[in-house]
A.B. asks: 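Please read through the structure below; I'll follow up with questions.
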2 protein chains.
Amino acid sequence: MDKITATIVFESLASGVRLDIFRLLVKAGEEGLVVGEIGRALGIPPTNLSFHLKALTQARLLVVEQQGRFQRYRANLALMRELIAYLTEECCSGHPEQCFDQDSESGCCDTQTPLS
Amino acid sequence: MDKITATIVFESLASGVRLDIFRLLVKAGEEGLVVGEIGRALGIPPTNLSFHLKALTQARLLVVEQQGRFQRYRANLALMRELIAYLTEECCSGHPEQCFDQDSESGCCDTQTPLS
DNA sequence: GCATTAATTAAATAATAATTGTATTATTGC
DNA sequence: GCAATAATACAATTATTATTTAATTAATGC
């Protein structure tokens with residue numbers, strides 16, 4: 001992942017509303033949710049919801065599929081994994097010893113060789 | 001990490017300028033850098049730099065130490081680890097099979113049991 | 001003490017982002 | 001075809017962020 005992509009993804013997640021949408025769709029899993037369901041679940045009016053869904057989709061954090069007159073949205077977990085990888089590299093770059101092999105709350109990666 | 005903290009951290013990283021600052025300070029390591037050095041390295045004028053450093057510090061992504069009339073900033077890698085842990089949980093919540101045990105570019109966590 | 005340097009604060013402006021209301025597009029079922 | 005529904009596009013407004021200039025605070029060295 002490059003810096004520009006990372007910035008766009010961060011922007012997408014840097015909003016309580018969009019973070020709620022994303023987390024809801026992660027929970028919804030492979031089935032995903034249609035716009036009306038998301039709106040009802042989170043109490044967001046349609047136009048505003050469209051605005052945020054567009055942002056998340058343009059950032060590729062969401063994937064959309066048309067089903068008749070419904071739009072079904074799903075979370076793009078692959079991109080989330082890429083983001084985690086990017087942060088891990090950022091976090092470790094040049095200084096892996098600061099990032100690993102110590103008491104960490106992350107519960108992630110501690111036992112692995114850091115990325116180059 | 002809670003949702004509010006995560007949002008604040010994402011906001012901090014959702015700016016090319018701030019992402020540059022953070023990455024520079026990760027590279028700088030334990031020694032950190034003083035404001036003038038950061039400004040010269042990235043070509044950011046002092047007042048604007050102060051603005052972004054304040055945002056990053058309030059988000060706790062940076063830690064600052066006064067040294068005479070200099071302010072030395074360092075990256076807070078512990079918080080970055082917490083963020084990675086949060087994203088990992090988000091990413092896996094309820095659907096670990098989508099997040100792990102498959103071809104992943106992340107190179108991270110794949111061999112581990114996902115978080116609850 | 002005074003001039004110099006480092007950095008921040010404060011105030012004004014410019015630029016973006018979020019929200020709301022209205023209108024439009026497209027699909028469904030009759 | 002027509003009414004009803006799902007969702008988005010557009011336009012206007014509001015709110016938030018980013019940037020710049022000028023002024024201030026605080027530490028250093030003479």
Side-chain angles (χ1 to χ4, degrees), chain A residues 3-25 28 31-76, chain B residues 3-25 28 31-76:
Chain A
K3 199 194 90 180
I4 294 165
T5 305
T7 307
I8 291 168
V9 175
F10 286 135
E11 272 170 21
S12 294
L13 297 173
S15 143
V17 174
R18 287 194 294 266
L19 196 51
D20 284 340
I21 294 170
F22 183 77
R23 300 204 308 166
L24 184 66
L25 285 168
E31 204 191 336
L33 290 172
V34 299
V35 179
E37 292 172 327
I38 300 169
R40 256 168 275 132
L42 301 176
I44 308 167
T47 46
N48 192 19
L49 182 53
S50 273
F51 172 82
H52 289 297
L53 288 172
K54 192 178 176 184
L56 285 161
T57 305
Q58 281 175 347
R60 297 195 302 121
L61 274 168
L62 299 187
V63 171
V64 62
E65 180 197 357
Q66 178 151 11
Q67 291 184 335
R69 56 183 154 175
F70 298 88
Q71 303 285 118
R72 185 166 295 272
Y73 284 88
R74 293 183 180 87
N76 179 3
Chain B
K3 199 194 90 179
I4 294 164
T5 306
T7 306
I8 291 168
V9 174
F10 287 134
E11 272 170 20
S12 295
L13 297 172
S15 144
V17 174
R18 287 194 294 266
L19 196 52
D20 285 342
I21 294 170
F22 183 77
R23 300 205 309 168
L24 183 68
L25 285 167
E31 204 190 337
L33 291 171
V34 300
V35 179
E37 293 172 323
I38 300 169
R40 258 169 273 131
L42 300 177
I44 307 167
T47 46
N48 193 20
L49 183 53
S50 273
F51 172 81
H52 290 296
L53 288 172
K54 193 178 177 184
L56 284 161
T57 305
Q58 281 175 345
R60 297 195 303 119
L61 274 169
L62 299 186
V63 172
V64 60
E65 180 196 359
Q66 177 151 14
Q67 291 185 335
R69 56 183 154 173
F70 297 88
Q71 304 285 116
R72 185 165 295 270
Y73 284 88
R74 294 184 179 87
N76 178 4

A.B. asks: Hey, does B:Ile4 have a side-chain heavy atom less than 4.5 Å from the side chain of B:Ile8?
C.D. replies: yes
A.B. asks: Would you mind telling me which residue lines up with the more 5' stretch of DNA chain C, A:Gln67 or A:Arg18, judged by nearest nucleotide?
C.D. replies: A:Arg18
A.B. asks: Roughly, in whole Å, what's the span from CD1 in A:Ile44 to P in C:dT20?
C.D. replies: 10 Å
A.B. asks: Could you check how far CG of A:Leu56 sits from P of C:dA18, rounded to whole Å?
C.D. replies: 10 Å
A.B. asks: Considering only side-chain heavy atoms of A:Asn48, which listed nucleotide, C:dT9, C:dT19, C:dT28, is closest?
C.D. replies: C:dT19
A.B. asks: Can a donor-acceptor pair be found, under 3.5 Å and without considering hydrogens, that links the side chain of A:Arg60 to the backbone of A:Val9?
C.D. replies: no
A.B. asks: Report yes if a side-chain nitrogen or oxygen of A:His52 is closer than 4.0 Å to either non-bridging phosphate oxygen (OP1 or OP2) of C:dA17; otherwise report no.
C.D. replies: no
A.B. asks: If you measure from CD1 on B:Ile21 to OG on B:Ser15, what distance do you get to the nearest 0.5 Å?
C.D. replies: 7.0 Å
A.B. asks: Taking CD1 from A:Ile21 and C1' from C:dA18, how many angstroms apart are they, rounded to a whole number?
C.D. replies: 12 Å
A.B. asks: What is the distance from CZ of A:Arg69 to C1' of C:dT28, rounded to the nearest Å?
C.D. replies: 4 Å
A.B. asks: Just by modelled atom types, is the A:Ala55 backbone N or O under 3.5 Å from a matching donor or acceptor in the A:Gln58 side chain?
C.D. replies: no
A.B. asks: Can you tell me if B:Arg18 uses its side chain to pair, donor with acceptor, with the backbone of B:Ser12 under 3.5 Å?
C.D. replies: yes
A.B. asks: If I take atom CZ in residue B:Phe10 and atom P in nucleotide C:dA17, what distance separates them, rounded to the nearest angstrom?
C.D. replies: 18 Å
A.B. asks: On DNA chain D, compare the nucleotides closest to B:Glu11 and A:Glu37; which residue's is nearer the 5' end?
C.D. replies: A:Glu37
A.B. asks: My understanding is that only one of B:Leu25, B:Asn76, B:Leu13 makes a side-chain contact (heavy atoms from CB on, under 4.5 Å) with B:Leu61; could you say which?
C.D. replies: B:Leu13
A.B. asks: Answer yes or no: are there more than 12 heavy-atom neighbours, outside A:Glu31 itself, under 6.0 Å from its atom CD?
C.D. replies: no
A.B. asks: Rounded to whole Å, please give me the gap between CZ in B:Phe70 and P in C:dA6.
C.D. replies: 6 Å
A.B. asks: Tell me, please, the opening and closing nucleotides of DNA chain D, 5' to 3', among those with an atom under 4.0 angstrom from a non-hydrogen atom of chain A.
C.D. replies: D:dA4 to D:dA9
A.B. asks: Using the closest heavy atom to pick a nucleotide of DNA chain C for each, name whichever of B:Pro46 or A:Thr47 lands nearer the 5' end.
C.D. replies: B:Pro46
